[in-house]
Amino acid sequence: VDLYHGSLIRIAMMYVRDRNVAEEVVQEVWLGVIGGIERFEERCSLKTWIFRILAYTAKTRAKREGRTIPLTSIGYSEDSGEERAVEPDRFFDTGQRWPGHWVTAPASWEGIPESRLLAKESLSFVREAIAKLPQAQREVITLRDVEGWDSGEVCEFLHLSEANQRVLLHRARSKVRRALEDYLEGED
């Protein structure tokens, strides 16, 4: 419980937006673990098994709570049917001098004091940016970058291929970075 409880709460929050509901979900998970430990077959790690129980419980609870995902969150651009990690207008077109290169390079964060980047407000903004991501991207970036899981654990837990996990993580990181760039530029 000491090892996984905090992570379970944070991951439950990916599915249910209310902390009280997330805590109830985690209580249900621990009851499920206690009640089902004799059925644990060691086909995966204990950690993965516990977090799978969490995912099932949280998804079920989210449905009961009436939570739905709007079509705009699915993550496809209307033009190509494919989501882009970075907006196309940030690159030169094929008819220009350096096609495919950045029009302007992403802003460097080198001159920003570390204390500003680590400030509660900035961290809160990053959490909000992650919360606005489509569900699959939000799950992958939370598990990899917030919880520190390795890619194999994430793939096993979310039933993703390694390539799909990398794409989702790249898109999520790109969106969060872009949101943070906009946020930091707005403060100047």
Side-chain angles (χ1 to χ4, degrees), residues 1-76 83 85 117-118 120 122-180:
V1 172
D2 290 339
L3 185 60
Y4 297 128
H5 190 77
S7 294
L8 287 169
I9 295 284
R10 288 187 296 274
I11 293 170
M13 292 289 294
M14 291 187 318
Y15 300 99
V16 297
R17 298 291 183 168
D18 184 279
R19 179 155 180 105
N20 293 329
V21 175
E23 289 177 6
E24 290 175 11
V25 165
V26 172
Q27 285 178 349
E28 289 178 41
V29 168
W30 287 123
L31 290 173
V33 168
I34 292 168
I37 195 71
E38 72 278 352
R39 292 188 305 273
F40 176 58
E41 298 175 358
E42 297 184 39
R43 286 186 277 169
C44 60
S45 70
L46 179 63
K47 175 183 177 180
T48 301
W49 183 69
I50 292 170
F51 281 88
R52 280 188 183 157
I53 294 170
L54 170 76
Y56 175 79
T57 305
K59 287 176 184 177
T60 301
R61 182 63 180 265
K63 285 180 186 174
R64 252 191 302 169
E65 297 289 322
R67 179 172 173 243
T68 59
I69 300 172
L71 289 176
T72 57
S73 295
I74 293 176
Y76 294 99
E83 180 182 14
L117 286 176
L118 297 177
K120 282 186 175 183
S122 296
L123 289 175
S124 175
F125 182 83
V126 169
R127 281 188 206 102
E128 289 173 20
I130 290 172
K132 292 177 183 174
L133 293 171
Q135 183 174 346
Q137 292 175 14
R138 186 174 63 246
E139 290 171 342
V140 171
I141 197 171
T142 300
L143 294 172
R144 289 292 309 274
D145 294 345
V146 177
E147 296 299 324
W149 290 23
D150 67 41
S151 62
E153 290 175 314
V154 173
C155 291
E156 185 178 0
F157 175 65
L158 296 175
H159 304 287
L160 297 172
S161 69
E162 184 68 34
N164 191 10
Q165 185 258 169
R166 278 194 311 268
V167 168
L168 290 168
L169 182 61
H170 173 70
R171 289 177 177 169
R173 285 176 174 168
S174 296
K175 288 178 182 178
V176 171
R177 178 182 171 90
R178 177 59 187 233
L180 190 57

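Keep in mind that the numbers below use all heavy atoms, side chains included, and drop hydrogens, waters and symmetry copies.
Comment: Glu23 engages Arg19 in a salt bridge, judged by a side-chain N to carboxylate O separation of less than 4.0 angstrom.
Looking at heavy atoms from C-beta onward, Cys44 lies in side-chain contact with Arg52 at the 4.5 angstrom threshold.
For the pair Glu153 (side chain) and Asp150 (backbone), a donor-acceptor distance under 3.5 Å is present. At distances below 3.5 Å, not a single donor-acceptor pair connects side-chain atoms of Arg138 with backbone N or O atoms of Tyr15.
Judged purely by distance below 3.5 Å, without hydrogens or angles, the side chains of Ser151 and Gln165 never pair a donor atom with an acceptor atom.
Considering only residues two or more places apart in sequence or on other chains, Arg43 meets the side chain to side chain donor-acceptor pair (under 3.5 Å) condition with Glu41.
The shortest non-hydrogen separation linking Ala129 to Ala179 is CB-CB, 4.1 Å. The nearest pair of heavy atoms linking Glu38 to Ile34 is OE1-O, 4.4 Å. In this structure, Val29 and Leu54 approach most closely via the heavy-atom pair CG2-CA, 3.5 Å. Contact detail for Met14 and Thr142: the closest heavy-atom pair is SD-CB, 3.4 Å. Residues Asn20 and Asp18 approach most closely at N-OD1, 2.8 Å, considering heavy atoms.
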Exercise. Going through the checks in order, is the side chain to side chain contact (heavy atoms under 4.5 Å, CB included) test met by Val146 and Ile141?
Worked result: CA-CA 7 Å; Val146 177; Ile141 197 171; 6.0 Å; no
Problem set entry | Verdict with reasoning, Trp30 to His5, per side chain to side chain contact (heavy atoms under 4.5 Å, CB included) | CA-CA 9 Å; Trp30 287 123; His5 190 77; 3.1 Å; yes
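Ring geometry, Trp149 versus Phe51: the interplanar angle exceeds 60°, so the pair is classed perpendicular (tilted spans 30 to 60°).
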